[in-house]
Structure formats: structure tokens, C-alpha cells
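No hydrogens, no waters, no symmetry mates; every other heavy atom, side chains included, goes into these values.
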Amino acid sequence: MSDARTSALRPHPALTACRFAGLDLRNRFAVAPMTRVSATEDGRATEQMAEYYEAFAQGGFGLLITEGTYTDTAFSQGYLHQPGITDEAQAAAWRDVVDRAHAAGARIVLQLMHAGALAQGNRFRDRTAGPSAVRPKGEQLDKYRGSGPWPVPLELTPAQITEAVEGFAAAAVRARDAGFDGVEIHAANGYLLDQFLTPYTNLRTDGYGGDAEGRSRLVREVTAEVRGAAGPGFTVGVRFSQGKINDFGWRWPGGGAEARVLFTAAASAGADYLHLAGSGRDWSPDGPTLPGLARKVTGLPVIANGALHEDAVARRVLDEGHADVLAIGTGALANPDLPHKVAAGALPAPFDPRVLEPLATLDNARTHASA
């Protein structure tokens, strides 16, 4: 019998329960954070959003990571109808989402996001802001109600950077009080923290710029402040990626050397886990992987993401110890019950991109499903 056939007959390693970053998970399947721009205009989670996350929990996923949620009333909001957690009303609206996830046996983590220069819908400010006054590459995303070139952002002052850090910390406390099991700091995909990490968007000459140590300072500060504010027993993760929503092919300069600095920055500041977005798309049959490097360098548990709905890749990631948990994106949209299907040996449904067109909203997905 071939190795592939033998592997397919073994119970899937993602179906095993685990202790992950302080959380007891029934399996190693996680729902990846995915922007759905379906909150109220003032950033409150809705009944429709509660049903959306509940479906993944009922479908067997062990961990749910929410869509990016804005953290302050200055420059953090990125999209119209994006959820926020900047006040008690927004925090209270998340409680039903959390309660339904828990009732169905899942753990749930809130992703904290500051859009920075990639904001295309902010009801608090009419300008964007980032590490430097550099126009982002590409154009705004029409599926999230944007159009045209990105504007040139304001360069954040030291006082505004402090305000952003404090926003992350206050948002983490609200998430904890709303019942979330943890938070994930979004330092990926081209948003604010990633803008500071990236040499071509960070031209600063102060302590937040320069080499990788300087560019990772904001990640260290945000992680440390979130860790301190939320207190012990509350899980804090950090998500990194190489590619960005407006520069998919970007890769870290220096490869592994740069990655080591970034991973160490988050770990030394108190992160409980790291999440490597898009890492599965670059999977190689030989050689080191970024999730594997993150585990080796920091000793922290790691979530891998990207094309991990593909059975052979998912098995290898776990069997070879590259990561501890698999974050599934489009595969979860197509199969909210993916863990149950894997357990039953059923073939998952393919992803249909029309659920995200013309807008990546829950209304659009529902309309498509009923068509």
C-alpha cells in the first residue's frame, strides 16, 4: 500500500484534542480570521454574525478566530461596517457571539486590528495614518466597499503611536470582559503593525524605524501592553504574514534572519502563540518552513494558515511538527462543518468565490446560497 494511501486511512491528526496556548481545544481545526464587513454602521456585532460564528462551532471547529476588529476611535477602523470593540456597547454586542461559540463547544479569540494606511472606510477620521507618508501599493478593495488608489497617509507622531498602543490594550480588556478566551494581535497582511515591520512603508529615522529590531518595536510594545492589561490566564497571540492584501508577493528581506527577529519580538513581549498567515501557500516538500521556524526560535505553539484544507498538506504540517493548529479560511466558508466531514471521511465542498462577490458580506453569502 502506498504511503499516501496509508496516510489517508489513518485518523486525521487535526482531530486530536490538545492544550494550546492555555486553551483546551477539542481538535486542531481553527477558523481563520476573515473580513466580512457585516456589523452595524457603528461597529456592533449582529445576530447574523452570531449565527455565522455559531455555525463553525456547531460544525466542529475547536477554535474560532474572529475577523479583524478595530481598537480605537482614531485611525484604526479599516472598513465600513467593520466590527469594533472601542466601547461598552460594541463589547456587549460580542457577548452573544461568544456565548453561542462556547455553548457549541468551541473556544473563541478576538482579532485586534489597526488598519493604518490601508484604511478605506473610517467613520472617525477623513485621513489615514501610518508609519510614514508613503502611498500604499495597488488600489482599494472593491469587495470591502473601497475604490481607487490608496491615499497618502499621515505619518503617526509619537503621541499618536502611544494612543494606538493604548487602544490595543483597552480593547483586549473589553474582549476579556466580554467573555472571549483570548485576543490575537494582527501584525499581518499589510495593516498598521505590518506597515511598521516593512522597510518600504516604514521610512522612520526614530526608534520605530531602521533595522528589523527598530521596525519590530511597535509589535513588542503592543504585545507587552496587551499582555499586561489583560492579565494572566488570558490568551494573547500575534499573527504575522509575508504577503499583504495589496502586495501578495512580498517576502521578508533576509528571509529567516528577519523572521527570527519578528518572532522573538512577539515572544519576548509575552505572546502565548504565533499565527503564520499564508504559510501553507509556500509549502515546500523539503526544507524549513516559517511555522516550523517560529516554533523552533520561540518555543511557542504555532498556528499555520494557507491552503490547509488540502488533506495531504494539513497532515504533513501536523505530523512533522511544523505547527500545532490549522487555521482554515475559504475551506471553512465552503464547509462550516469541515471537522465533521473529515471525521466521517466525506469529501469537502469546493470553495465558490461568488460568496464574496460583489461584496464580502454575510448578506451576499446568504443570497448566493439561496440562489
R217 bridged to E213 by N-O distance under 4.0 Å: no
Residue pair D72 / H114, side-chain heavy-atom distance below 4.5 Å: yes
Verdict with supporting geometry, R220 and S268, side-chain hydrogen bond (donor to acceptor under 3.5 Å, both in side chains): CA-CA 8 Å; R220 291 195 301 273; S268 65; 5.7 Å; no
Donor-acceptor contact present, side-chain Q77 to main-chain R123, <3.5 Å: yes
Sidechain N-carboxylate O distance under 4.0 Å for R315, D311: yes
Residue pair D363, T361: steps toward the side-chain hydrogen bond (donor to acceptor under 3.5 Å, both in side chains) verdict: CA-CA 5 Å; D363 277 342; T361 62; 5.4 Å; no
Electrostatic pair D211-R215, nearest N-O below 4.0 angstrom: no
Polar contact flag, side-chain donor to acceptor under 3.5 angstrom, Y208-E221: yes
Exercise: identify the closest heavy-atom pair between G278 and N305: N-OD1, 2.9 Å
NZ/NE/NH1/NH2 to OD/OE distance under 4.0 Å, D324 and R295: yes
Under 3.5 Å: donor-acceptor pair, side chain of R174, backbone of T86: yes
C18 SG to D24 CG distance, which is reported to the nearest 0.5 Å: 8.5 Å
Heavy-atom donor-acceptor pair, T201 side chain to T198 backbone, under 3.5 Å: yes
Which atom of P253 lies closest to which atom of P199, heavy atoms considered: CG-CG, 4.0 Å
Passing candidate, side-chain contact (heavy atoms from CB on, under 4.5 Å) with Y52, options L333, V97, L64, T46: L333
Cation-aromatic face contact R125/F75, 6.0 Å, 45 degrees: yes
Minimum heavy-atom distance L290-A259, with the two atoms named: CD2-CB, 4.0 Å
Flag if over 12 foreign heavy atoms under 6.0 Å of CD, E41: no
From CA spacing to verdict: salt bridge (charged side-chain N to carboxylate O under 4.0 Å, His left out), R95, E88: CA-CA 11 Å; R95 291 188 182 117; E88 179 52 37; 2.8 Å; yes
Backbone N/O of G78 and side chain of Q82: donor-acceptor pair under 3.5 Å: yes
Beyond-backbone contact of D272 with L300, side-chain heavy atoms, under 4.5 angstrom: no
Closest contact, heavy atoms only, F240 versus A188: C-CB, 3.5 Å
Joint hydrophobic cluster, Y144 plus L362, side-chain heavy atoms closer than 4.5 Å: no
Closest non-hydrogen atom pair, S241 against D194: O-OD1, 4.2 Å
Taking every non-hydrogen atom, the tightest pair across Q195 and A117: OE1-N, 3.0 Å
Test: E51 and R366 ion pair at under 4.0 Å: yes
cation_pi(R176, F234) dist<6.0 Å, angle<=45: no
Backbone N/O of K244 and side chain of N189: donor-acceptor pair under 3.5 Å: no
Over-ring placement of K137 relative to Y200, 6.0 Å and 45° cut-offs: yes
Chi angles and distances behind the side-chain hydrogen bond (donor to acceptor under 3.5 Å, both in side chains) call for Q90, Y70: CA-CA 10 Å; Q90 289 177 339; Y70 64 85; 3.0 Å; yes
R44 atom CZ, neighbour heavy-atom count above 12 within 6.0 Å: no
Same apolar cluster (I L V M F W Y, side chains within < 4.5 Å links), I303/L112: no
Distance flag, aromatic centroids of H12 and F29, threshold under 6.0 Å: yes
same_hphob_cluster(L25, L15) at 4.5 Å side-chain heavy-atom cutoff: no
W252 and F263 aromatic ring geometry - parallel, tilted or perpendicular at 30°/60° bounds: perpendicular
